[in-house]
Amino acid sequence: MTVGNRPIALRGAAEQRAAELRAELRHHDHRYYVLDTPEVSDAHYDALMRELAALEEEFPELRTPDSPTQRVAGMPATTFAPVTHRRPMLSLANVFDDGELSEFDERVRKLTGEAQVTYVCEPKMDGLAVELVYEKGRFVQGSTRGNGVVGEDVTANLRTIRSVPLTLEGAGLPQLLEVRGEVFLRTEDFKRLNARQEEAGDQPYVNPRNAAAGALRQKDPAVTAARPLSISFYEVGEVDGRAFATHWEKLAFLRELGLPVNPRNRRVEGLQGVHDAYAALLEDRHGLPYEVDGLVVKVDSEDLRLRMGAVSKAPRWAVAYKFPAEEAETQVEDIRVYVGRTGALTPVASLRPTKVGGVVVSRATLHNQDELKRKGVRIGDWVFIRRAGDVIPEVVAVIPSRRTGEEREFVFPTTCPECGAPTAREEEGAVIRCTNEVDCPAQMHQQLLHFASRNAMDVEGLGEELAGQLLRARLVRTPADLYRLSREQLVALERMGEKSADNLLQAIERSKHVTLRRFLYALGIRQVGEATARTLAGSFRDVRALADADVERLTQVKDVGPLVARSIHHYFQVPTNRALVEALLAAGVAPTPPEEVSGGALAGKTVVLTGELSAMSREEAKAEIERRGGKVSGSVSRKTDLVVAGEAAGSKLKKAQELGVKVLDEQGLLALLQGG
DNA sequence: TGTCCTCGAGTTCC
DNA sequence: CTCGAGGACA
């Protein structure tokens, strides 16, 4: 027996799945709209909705009037007065890739009979849609979208938004004007708000949109006022005595009235124009001061819009082209502890591999014990993860409602997982360390890698894998042993040919000629990074002199305070460290003190490099600047004399412009280096 | 004493 | 890149 041409069993399964999906979607709607505490990401919600829509497409008899697919979204809360929109506030259909966008464009052209359509592209700000009503130019009522037909009266809260004009100016104001826009939190304001939440001991918000939703739904407008919401307008609803031929005209009208309109809106021609706008926005996405989750594409001509109309919940003439999700949820399969160069124990979550922000993420750091405790992550937990731009993936929050009771609390080890030595927490410090200063294999491994790294001794070819092999084969215990390696010993290692062995030996040999600053940095003394190593090299000019210096003498060095001084002094008090230095010197490592530079072209200047340089690497540029007496620093401040901005320079360039610091491009730098 | 500026350290993926 | 904290300086 079949229904239509499908076996009944299949239909039965579909029916059951549809019921499950509906129940789940309703649950999430409640969490999201009523409780303001969503427990799944938008991407997850979208996926459920799409699955349900697909099922209903295939089995139309399953499409019930109360299905979540049949209404816009959400439900009115009980705490605010209901407002019925004069015209329903529709939501937008989503597309997720080029193919789906092309289908949209094709549909538009077919329905309108046009060969090419003009579109308006607007950044889709991640916030909440609202409608504001102006009567004779006075702001009289504001409401949320709600379910699209009935929303909530949030007039008092909207009044607290500084960029919402309470009265409109200008000649020929309409008697009645409805405007629609998005309420959102700027990224900066979001961070500040969350910092305050945490200080007050409250749960931080997962993202700016939820924070904005929370702020808008405050019963006390004073609380809303303390949360600096922003607004951007993009549509006109009901309006008296004013007709618009295009959407672009409408946006201009809004702007003339003094209503904020996004300056990134673009009017483009055809599909290609939309593609370009999308690519450009995606590129700038993280430079914008607010979160954007896609591009809204609207047919510009009002006439064409009328001819196209709307389907049940969304207009046919517009679509939201979504960016790849930067948030996802996944399960914590395990929590492991890694031991770093300084012995710091770092808990890392092993995640079920999940695609987020375009890449598959399988690990995320939990930083330290405090962080772990604050987030309350347990093994087996479902968590929100987020990866914005090039930023390292992070666990944002646990999703408590997905707990089954099977989750295990993670117990921070009291002994080092690598060497078994007891672990200890430093006074006032957040990190827990392995107390074995001498022969913890993990620390030895990391120290060896650090010693050989590019900015230290620069032993090319000595990476993660090889360092491990050398240690395991007991060919190397300290960095000094590198200088005793023979060709025979190396060739005996797995995956090590004669050519590779020779290359490595050469690299090791080359590293004997090293500057004192690199040498000091390579030792891995705690609190001594590249910058401190440089000042120490200039001040002492000899390792043994540094090793013999007492705390008082060390403190006299610029940028060295009591803590750094004690750390250096302590390092040379440990006999094995002292022995290491002597062994290195005996092996032929000959650190050279820096040349005295005086009166170079950049003497005494602080320079910051940002962006991508093409003619030289960052390291080369740094060396050239230093040779002329300049100092290269990592962050821009008022004390910075010059910022060199290469290709695709980001936040540092912006900061330089804000502070009025002199900026040069790469050409400018080259000219300066040559001239000097 | 408080504020600003830097530096060190840790980290993920390709 | 970000966080936290050391160090300089007013």
Side-chain angles (χ1 to χ4, degrees), chain A residues 187-188 191 194-195 198 286-287 326 330 336-351 353-372 374 385-396 426-433 442-443 446-447 449-450 453 455-456 463-464 517 520-536 554-568 571 606-611 618 631-641 648-652 654-656 659 661:
Chain A
T187 321
E188 222 173 273
K191 282 185 185 153
N194 251 3
E198 286 196 62
H286 297 290
E326 294 192 326
T330 187
R336 291 186 204 158
V337 170
Y338 290 87
V339 182
R341 168 170 67 90
T342 62
L345 267 55
T346 306
V348 174
S350 298
L351 305 169
T354 310
K355 198 161 179 175
V356 45
V359 299
V360 176
V361 169
S362 57
R363 291 195 308 186
T365 178
L366 294 163
H367 295 110
N368 55 53
Q369 194 181 24
D370 291 344
E371 179 92 354
L372 192 64
R374 196 153 49 82
I385 57 170
R386 156 179 267 269
R387 180 184 174 275
D390 289 334
V391 176
I392 290 163
E394 58 165 345
V395 172
V396 180
E426 275 161 30
E427 281 172 67
E428 316 255 336
V431 283
I432 292 178
R433 288 178 200 279
Q443 287 185 57
Q446 294 302 316
Q447 277 160 16
L449 282 171
H450 172 77
S453 68
N455 294 332
E464 183 92 17
R517 57 179 286 207
L520 293 178
Y521 173 64
L523 292 177
I525 303 166
R526 280 188 54 200
Q527 312 288 343
V528 178
E530 284 185 83
T532 308
R534 183 174 177 224
T535 42
L536 290 173
L554 288 163
T555 316
Q556 286 162 12
V557 178
K558 188 170 158 294
D559 293 330
V560 175
L563 189 130
V564 179
R566 255 183 286 134
S567 174
I568 297 167
Y571 177 89
T606 301
V607 183
V608 174
L609 302 173
T610 181
R618 217 175 247 239
K631 181 167 157 354
V632 175
S633 170
S635 53
V636 180
S637 73
R638 259 163 301 177
K639 288 192 178 169
T640 310
D641 296 293
S651 60
K652 285 187 217 168
K654 218 175 97 190
K655 180 129 187 229
L659 295 174
V661 173

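Each chain gets a letter, A, B and so on, in the order the sequences are listed, and its residues count up from 1.
Following rounding to the nearest Å, Arg387(A) (CZ) and dC13(B) (C1') show an atom-to-atom distance of 7 Å. As rounded to whole Å, 15 Å separates atom P of dC1(C) from atom CD of Glu394(A). Atom CD of Glu464(A) and atom P of dC14(B) are 16 Å apart (whole Å). Taking atom CD1 of residue Ile525(A) and atom P of nucleotide dA9(B), one finds them 10 Å apart after rounding to whole Å. When rounded to the nearest whole Å, the span between NE2 of His367(A) and P of dG8(B) equals 19 Å. Following rounding to the nearest Å, Lys355(A) (NZ) and dT12(B) (C1') show an atom-to-atom distance of 17 Å. The CZ atom of Arg638(A) sits 15 Å away from the P atom of dC9(C) (whole-angstrom rounding). With rounding to whole Å, Lys191(A) atom NZ is found 12 Å from dC1(C) atom P.
The backbone N or O of Arg526(A) sits less than 3.5 Å from a side-chain atom of Ser567(A), completing a donor-acceptor pair.
For Thr365(A), whose side chain is taken as the heavy atoms from C-beta onward, the closest listed nucleotide among dG8(B), dT6(B), dT12(B) is dT12(B). Proximity note for Thr532(A) (side chain, C-beta onward) versus dG10(B), dC7(B), dG7(C): the nearest is dC7(B). The side chain of Arg341(A) sits closest to dA9(B) out of dC7(B), dC5(B), dA9(B). Of the candidates dC13(B), dG8(B), dG6(C), dC13(B) carries the atom nearest the Val361(A) side chain, counting heavy atoms from C-beta on. Distances from the side chain of Arg363(A) to the nucleotides dC13(B), dC7(B), dG7(C) place dC13(B) closest. When distances run from any side-chain atom of Val359(A) to the nucleotides dC13(B), dT12(B), dG8(B), the shortest one goes to dC13(B). Residue Val564(A) places its side chain closer to dG7(C) than to any other of dG7(C), dG10(B), dC5(B).
Once rounded to the nearest 0.5 Å, the distance linking CZ of Arg638(A) with OG1 of Thr606(A) reads 14.5 Å. Atom CZ of Arg336(A) is separated from atom CZ of Arg363(A) by 8.0 Å, given to the nearest 0.5 angstrom.
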Please table the atom pairs, donor to acceptor, closer than 3.5 Å between any side-chain atom in residues 341-349 of chain A and protein atoms at least two apart or in another chain.
| unit_1 | atom_1 | unit_2 | atom_2 | d |
| --- | --- | --- | --- | --- |
| Arg341(A) | NH1 | Gly524(A) | O | 3.4 |
| Thr342(A) | OG1 | Arg433(A) | NH1 | 2.7 |

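Between Ser362(A) and dT12(B) there is no side-chain N or O to OP1 or OP2 distance below 4.0 Å. Put simply, Arg526(A) has no side-chain N or O that comes within less than 4.0 Å of OP1 or OP2 on dA9(B). For dC7(B), the OP1/OP2 oxygens have a side-chain nitrogen or oxygen of Ser633(A) closer than 4.0 Å.
At the heavy-atom level, Gly340(A) lies nowhere under 4.0 Å from the strands shown.
Taking 4.5 Å as the limit, every side-chain heavy atom of Ile385(A) sits out of range of all side-chain heavy atoms of Pro393(A).
In terms of position along DNA chain B, the nucleotide closest to Val636(A) lies nearer the 5' end than the nucleotide closest to the other residue of the pair Val636(A) and Tyr521(A).
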